[in-house]
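Worksheet: one structure, shown below.
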2 protein chains.
Amino acid sequence: MAVTLADVAARAGVSAATVSRVLNGNYPVAGSTRERVLRAVDDLDYVVNGHARALAAATSDLVGVLVNDVADPFFGLIASAVQGEISGGADQPSGLPAGAGKLAVVCNTGGSPEAELNYLTLLERQRAAGVVLTGGAVEGTGHSTAVAGRLARLAASGTRIVLCGRPPVPELADLPGAAADSVMTVAFDNRGGAQRLTEHLLALGHRTIGYVAGPAERSTTRHRLEGHRAALAEAGLAGSPAELDRLTVHGYYDRSSGYDAALELLRREPGLTAVVAANDTVALGVCAALRERGLRIPEDISVAGFDDLPFSVDAAPALTTVRIPLQEAGARAGRLVMGRQAPPPGGLATVRTELMVRASTAAPRKGA
Amino acid sequence: MAVTLADVAARAGVSAATVSRVLNGNYPVAGSTRERVLRAVDDLDYVVNGHARALAAATSDLVGVLVNDVADPFFGLIASAVQGEISGGADQPSGLPAGAGKLAVVCNTGGSPEAELNYLTLLERQRAAGVVLTGGAVEGTGHSTAVAGRLARLAASGTRIVLCGRPPVPELADLPGAAADSVMTVAFDNRGGAQRLTEHLLALGHRTIGYVAGPAERSTTRHRLEGHRAALAEAGLAGSPAELDRLTVHGYYDRSSGYDAALELLRREPGLTAVVAANDTVALGVCAALRERGLRIPEDISVAGFDDLPFSVDAAPALTTVRIPLQEAGARAGRLVMGRQAPPPGGLATVRTELMVRASTAAPRKGA
DNA sequence: CTGTTAGCGCGTTCAG
DNA sequence: CTGAACGCGCTAACAG
């Protein structure tokens, strides 16, 4: 029912091959026939069948973007930047360019390893041109090997892979042939950022600092916690492992986890003078809980977040946090997955993080 | 290079058709052969070629989701909900169901009509199973007719269309045949919500209320402004058109527009006792500007937003706003676009909005 | 219940 | 520069 290449060819009085050639512009075609073909295309409102094209040419217009949840600003910002880079101008008023642009298939994994594998299969089905995996990896279980296997297969079949905000996968470093070059990583310096953040609190004079961590099995959680503890250790405040664990509560990367964790920390250690949260969203929950307990921020207790999400500057009080250039990272991931930018040395680029000191942290009270 | 149906068939000692049948489960196949086929599939790590399948069966696994920008929580929340509904369990740990799930192609239009049309063409290329258009429509130019035309074609070719947070398109109401049933709308009661919000301010005693509107050509902007003015009119405060316009400033739906607009309003009318913003993000900008001018919220001036985005409850002070159940709306749009829910009467459902009174609004100062 | 035969719509040889 | 023929990988009739 839909108009096909053949219909256009018939109307233009040429063969289907010729129509294909003018449409793809990769072959010499006489100006007059090109005119005729284009007019026929226009008359018939012809739109190529992407599936047929993909099948015949063994190419795909799709790029997968795996995120925990696009509704989370952290992932939304990355996904948006990736989409902007791969669209190749479809989002520009100037019109549709040759066809260099690709479509972003956004997949919410909810942080579930199984969902991640499911989506990778689905993307393999679609013979995706590339896949961007965002957010921390789930460590410890056999999951990482399973993912590595799937990614290796995708890479082998020509799909470009970019890990964004996730550590490199060692198993993928030595793939045969060109496949090794098609796996790239844009990592975040979570460890360094976390360390500088805690150093900032220590410099203010804090000595009893609670830590609200994310899920234990996430690489992001681990790196941030390591940075935090490295700062403590350098200040000679490491304490025993039991002591460290007493001031650490794990939860999810959401507001209510922060709320609950803050109350738990206060229960464990009423003398707390500062709380570092896994990220800004968690920090908001922490702030809410502390305020409800009658504590003023930062006069009675300091709070810090991570990521520097857009809302953090408007929180009450403005959140001290660690900025990750998420848009830049996402854009870079987008360019890499499109092959529009040379891969960084070793396939690994690490984006810097920046300490943002705002109003939610201050020196502890004299009495504390 | 990739393993194909034929390879599986060969290994299992059956014909390609049989393999296809067990994979799709739509045809009776003997238990023993099914076993053999499934083992061959497993041995060879076979993954169907979605393009070939789509071409042969004239179906598609893709659903387009057009948003202004996924990084904006308003759109992120909707997109997330849509994707959750259409995934059909791919995001569940239980594994991949038959193949009922579809992939979400997220397109950032940046609010540009041309980009919207470009993406609709791209989605037509992919023979998308459905398209969800979110956010307000751009009115006034020839754009709406152009979009209507494209949507009509998509609908005619079997693509289901859902407008989410956008008014129904009249031109699409009387399409021939089943096409009319495949265009549905999930509208937001922007007008009613805006009216109740302003009524709330009037009840508090405010009489000089500034309004920071979105871009003039957006349907969302228009509806919210209409609601606001309807409330003023009912209270006998309509004033002359010139007077209304003096207290209205248009900008984008972002923070910096709110910031600038607040300063402009203050310049035009220093006696302002309240400001209503186009949405929560804009409201944050308004708050920031007012605070910098030394005004306390709500003691010196009240501020209200719209949408009730997640961060609004944690803003300083917590924002009075109008809640739109974005997740619910997105989920509903997802179900409709999948055909998993019966279309509402007349193809139009309007989701209610709810006034959320929080700390950013209060009675004006006695002296004001 | 299973194999055989045709296409789905397009890109790409290979001749002309 | 253009047309004819073939095949991409799979599903859907049609027989058996």
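Quick note on labels: first sequence line is chain A, next is B, and so on, each numbered from 1.
Atom CG of B:N49 sits about 6.0 Å away from atom CG of A:L55, to the nearest 0.5 Å. Atom SG of residue A:C164 and atom CG of residue A:L66 lie 12.0 Å apart, to the nearest 0.5 angstrom. Taken to the nearest 0.5 Å, the CZ atom of B:R160 stands 8.0 Å off from the CE atom of B:M338.
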Identify each donor-acceptor pair in which a side-chain atom of residues 40-48 of chain B lies under 3.5 Å from a protein atom, sequence neighbours left out, and give them as a table.
residue : atom : partner : partner atom : Å
B:D43   : OD2  : B:R11   : NH1          : 2.9

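B:T121 and B:R150 form a side-chain donor-acceptor contact under 3.5 Å, judged by distance and modelled atom types alone.
We find that CG of B:L23 is positioned 16 Å from P of D:dG9, with the value rounded to whole Å. In this structure, the CZ atom of B:R127 is 14 Å from the P atom of C:dC8, given to the nearest Å. Between the C1' atom of D:dA12 and the CG atom of B:L5 lies a distance of 13 Å, rounded to the nearest Å. Between the C1' atom of C:dC10 and the CD atom of B:Q126 lies a distance of 14 Å, rounded to the nearest Å. We find that CZ of A:R125 is positioned 17 Å from P of D:dG9, with the value rounded to whole Å.
The closest donor-acceptor contact from the side chain of B:K102 to the backbone of B:S60 lies under 3.5 Å.
Sorted by residue number, the members of residues 24-37 of chain A with any non-hydrogen atom under 4.0 Å from DNA chain D read A:P28, A:V29, A:A30, A:T33. In the region residues 39-52 of chain B, proximity to DNA chain D at under 4.0 angstrom, judged on heavy atoms, holds for B:Y46, B:V48, B:N49, B:A52.
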Short heteroatom pairs, N/O only, protein and nucleotides 3-5 of chain C, under 3.5 Å:
residue : atom : partner : partner atom : Å
C:dG3   : OP2  : B:S15   : N            : 3.1
C:dG3   : OP2  : B:S15   : OG           : 3.4
C:dG3   : OP2  : B:T18   : OG1          : 2.7
C:dG3   : N7   : B:R21   : NH2          : 2.7
C:dG3   : O6   : B:R21   : NH1          : 3.4
C:dG3   : O6   : B:R21   : NH2          : 3.3

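Scanning for side-chain contact (heavy atoms from CB on, under 4.5 Å) contacts around B:A173 gives an empty result, with sequence neighbours left out. Under the side chain to side chain donor-acceptor pair (under 3.5 Å) criterion, A:R39 pairs with no residue at all, not counting sequence neighbours.
At a threshold of 4.0 angstrom between heavy atoms, the contacts of A:L55 include nucleobase atoms, whether or not backbone atoms are also involved.
Residues B:T33 and B:V22 form no side-chain contact, since every pair of their non-hydrogen atoms from C-beta on lies 4.5 Å or further apart.
Paired with B:V67 under the rule side chain to side chain contact (heavy atoms under 4.5 Å, CB included), one option of B:I78, B:T134, B:T109, B:V82 passes, and it is B:T134.
In this structure, B:R166 and B:L133 approach most closely via the heavy-atom pair NH1-CD2, 3.8 Å.
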